[in-house]
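Below is one structure; the comments refer to it alone.
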Protein chains: 2
Amino acid sequence: MVKRAYGQFCGVARALEIVGERWALLIVRDLLVGPRRFTDLRRGLPKIPTNILAARLHELEEAGVVRRRALPRPASGTVYELTEYGGELEGIVLGLGRWGAQSLGERRPEEIVTADSMVMALRTAFHPEAARGIRAGYELHLGGVVINARLDDGALVASAGPLAGADLVLTTTAPLRPLLTGEISPAAALERGLVRIVGEPDLLERFVEIFRIGPAGEVASRDTDFG
Amino acid sequence: MVKRAYGQFCGVARALEIVGERWALLIVRDLLVGPRRFTDLRRGLPKIPTNILAARLHELEEAGVVRRRALPRPASGTVYELTEYGGELEGIVLGLGRWGAQSLGERRPEEIVTADSMVMALRTAFHPEAARGIRAGYELHLGGVVINARLDDGALVASAGPLAGADLVLTTTAPLRPLLTGEISPAAALERGLVRIVGEPDLLERFVEIFRIGPAGEVASRDTDFG
DNA sequence: CCGGATCCTCGGTGATACTG
DNA sequence: CAGTATCACCGAGGATCCGG
C-alpha cells in the first residue's frame, strides 16, 4: 500500500514516512516562512531536481501537510502553503535547526545561505520574554541575504526581504554568532566593523538581548546559524 | 566531501545530513530507551537490512551521535549508545512521535509493535505535574509487548521488559487510546474487559491521569500511539 | 517566466547469503 | 553475536524539453 513503509505501528515511524524523505523537511522549512510558488522553492533549494520537488509536493499534499492554492488575480499562478497539520511541524523543524547548528562548523564554499533558512534561524534564537514591551522593525542583511523582523510586545514576525521604514538596518560583514553569544559586545562589534548599522545603536543592544544564543547554559553554545 | 549534502549552510540542513537518512531516527528512537546491541536493534527494526544498519551506525558514530562501547565481563560483546549530543535528539523524536501519531489511523496487519517504540510513546504521553508525589511501579502488556514504568515524584523511568515487584500489572486487550483520552472511564474499561489489571484499581486511575492524552485541548487528540 | 514532465545515469536501498 | 558480501532495483541527481 504505502511504498517504503517502515512496517511499525509507531508515531515516529509514521512521521518519517510522511516527512522523512529526502528534501521534504527542507521544503517544510521554507513553507513555514510563508506560502511559496514552485519557482520560489526552487530558488531556495537550488540543488533539488525539479522532478523531486514536484514529487515531494504531491506526497506532502496527499498526506495533508501541504495545500495547493490558486493565486488570485492579477498575479496568477499557484502557491503551496502548509495546512494546519503541516504548521504543527514548526517546533520540530526549529528543534532540528538548533540541534544541527551545533555541527555546522565553518561555512563551506559550496554552501549557500538563503533568506528562508535565515528567517528560521532567527526564530530559533528568539526569546519572547526579552521582547516584552518592545515594538521595533529590523532589516537584516546577513551573508548577502535580506530578511526582516518586526517585534511587537513579545511577538515576532519575521520574513524574507527588506522592510520599509525599518527602525534599524543591520548589515553583517562577519559571522554574527560572537555577537549573539555575548563573546563580543555590540559596541565592540561596531567598532571593529563586524556589523554596520543604520539607526539607533540602542536598538542593536536590544537586538542581541532578544536573539541571544548561549551562553553555554540554558542552551548549548554554538547552537544557531549566523556562522 | 560530505556525500549527499544539501549544500545549505543551515542548521536544519545539517541535521538532516546527519540523521535524515532512512532508518537513522528510528535507530535513535530505540537507543533513547537505552544502550542496545546490534542484534537488539535488528529485533526492534525487523525490516532494516543488516548492511544498512551497520552503515547507519557507522555514520552516526562518525557524526558523534552514537558511541560503541565494549560490554564489560561476563556478558561480552558490543553495545551502541547515544552520546550526549545524540541524547539531545529526544525532544525532536518525541515531537515527531506526537505529530506522526495523528496520522497513525488503524493498525495495519503488517505493522508491528515493538517494546522500544511503546516506551517512547509512553514518554510522549507523560505529564510530570500529574505525577508529583507519586511513587509506583507499573508493568504494561501492550499489544503483546511488555514494558515497565517507574514513577518517583514527578520523574518517569520507562524501559522495555517486565518489572519485578510492580504495584500494578496492566494488560490491554484493545486499543488503549480511549482510556487515555478520557472517552472511557477506568471503571468502564475494566468492566468491559478492555484492560485487565493485577493490583489496586486506584493505581489505574492514577495511570490515566499521568499519561492522559487529549482531550483535544492542550494537545490535539489522537496524538499518541496505543492504537 | 512559471510549472512542471521526460529521459537517462548512478548510487543508495532492500533482500539475502555468508563469514569471523 | 556481529557484522560483510553480493546483486537487483528503484529513487535521487542532472539535463533538457514542453505547454500555458
Side-chain angles (χ1 to χ4, degrees), chain A residues 1-8 13 16-27 30-31 35-62 66-81 110-112, chain B residues 1-8 13 16-27 30-31 35-63 66-81 110 112:
Chain A
M1 187 80 216
V2 183
K3 67 262 183 74
R4 304 239 293 172
Y6 287 106
Q8 309 220 158
L16 293 175
E17 286 169 2
I18 298 173
V19 295
E21 299 290 297
R22 199 163 160 72
W23 295 105
L25 276 178
L26 290 181
I27 295 170
D30 285 7
L31 291 180
R36 293 285 181 271
R37 322 170 138 233
F38 190 91
T39 313
D40 298 332
L41 292 169
R42 237 186 117 171
R43 254 193 294 275
L45 271 12
K47 292 193 63 176
I48 192 174
T50 62
N51 56 343
I52 299 292
L53 177 55
R56 288 296 169 271
L57 287 170
H58 274 118
E59 294 159 11
L60 291 173
E61 186 181 1
E62 190 159 5
V66 156
R67 177 175 38 226
R68 285 173 62 107
R69 189 158 53 86
L71 223 49
R73 331 291 315 284
S76 202
T78 315
V79 288
Y80 294 88
E81 61 187 6
E110 72 276 14
E111 288 184 325
I112 64 169
Chain B
M1 184 84 217
V2 182
K3 66 260 184 78
R4 305 238 296 171
Y6 287 107
Q8 310 221 157
L16 293 175
E17 286 169 2
I18 298 173
V19 295
E21 300 291 296
R22 199 161 159 74
W23 295 105
L25 277 178
L26 290 181
I27 295 170
D30 285 6
L31 291 180
R36 293 285 182 269
R37 319 166 144 240
F38 190 91
T39 313
D40 297 332
L41 291 168
R42 236 186 118 171
R43 252 194 295 275
L45 271 11
K47 292 192 63 175
I48 192 175
T50 60
N51 58 341
I52 298 292
L53 176 55
R56 290 292 170 274
L57 287 170
H58 275 118
E59 295 159 12
L60 291 173
E61 186 181 0
E62 190 160 5
V66 156
R67 177 173 39 226
R68 285 173 63 107
R69 188 159 53 86
L71 222 49
R73 336 290 315 283
S76 200
T78 315
V79 288
Y80 295 89
E81 61 187 4
E110 72 277 14
I112 65 169

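Scope of the values below: all heavy atoms of this structure, side chains included, with no hydrogens, waters or symmetry mates.
The CG-P distance, from B:Leu57 to D:dG3, rounds to 8 Å in whole Å. To the nearest angstrom, P of C:dG4 lies 10 Å from CG of A:Leu41. Across the protein-nucleic acid pair, A:His58 atom NE2 and D:dG11 atom C1' stand 17 Å apart, rounded to whole Å. To the nearest angstrom, C1' of D:dC1 lies 17 Å from CZ of B:Arg69. Counting to the nearest Å, the C1' atom of C:dC2 and the OH atom of A:Tyr80 are 11 Å from each other. As a whole-Å value, the separation of B:Leu71 CG from D:dG3 C1' is 16 Å. Rounded to whole angstrom, the span from the CZ atom of A:Phe38 across to the C1' atom of D:dC18 amounts to 14 Å. With rounding to whole Å, A:Leu26 atom CG is found 14 Å from D:dA12 atom P.
The side-chain heavy atoms of B:Leu57 and B:Phe38, taken from C-beta on, include a pair separated by under 4.5 Å.
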Validation: residues 40-49 of chain A side-chain donor-acceptor distances under 3.5 Å, sequence neighbours left out:
| unit_1 | atom_1 | unit_2 | atom_2 | d |
| --- | --- | --- | --- | --- |
| A:Asp40 | OD1 | A:Arg43 | NH2 | 3.3 |
| A:Asp40 | OD2 | A:Arg37 | N | 2.9 |

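As judged by a 4.0 angstrom heavy-atom cut-off over every strand, B:Ser76 is placed among residues making no nucleic acid contact.
In this structure, the side-chain contact (heavy atoms from CB on, under 4.5 Å) partners of A:Thr78, at least two apart in sequence or on a different chain, are A:Arg68.
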How would you summarise protein contacts on nucleotides 12-20 of chain C per nucleotide, using B for base, S for sugar-phosphate only and - for none, with heavy-atom distances below 4.0 Å?
SSBBBB---
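Contact record, B:Arg56 with B:Arg22: NE-O, 2.7 Å, taken as the closest heavy-atom pair.
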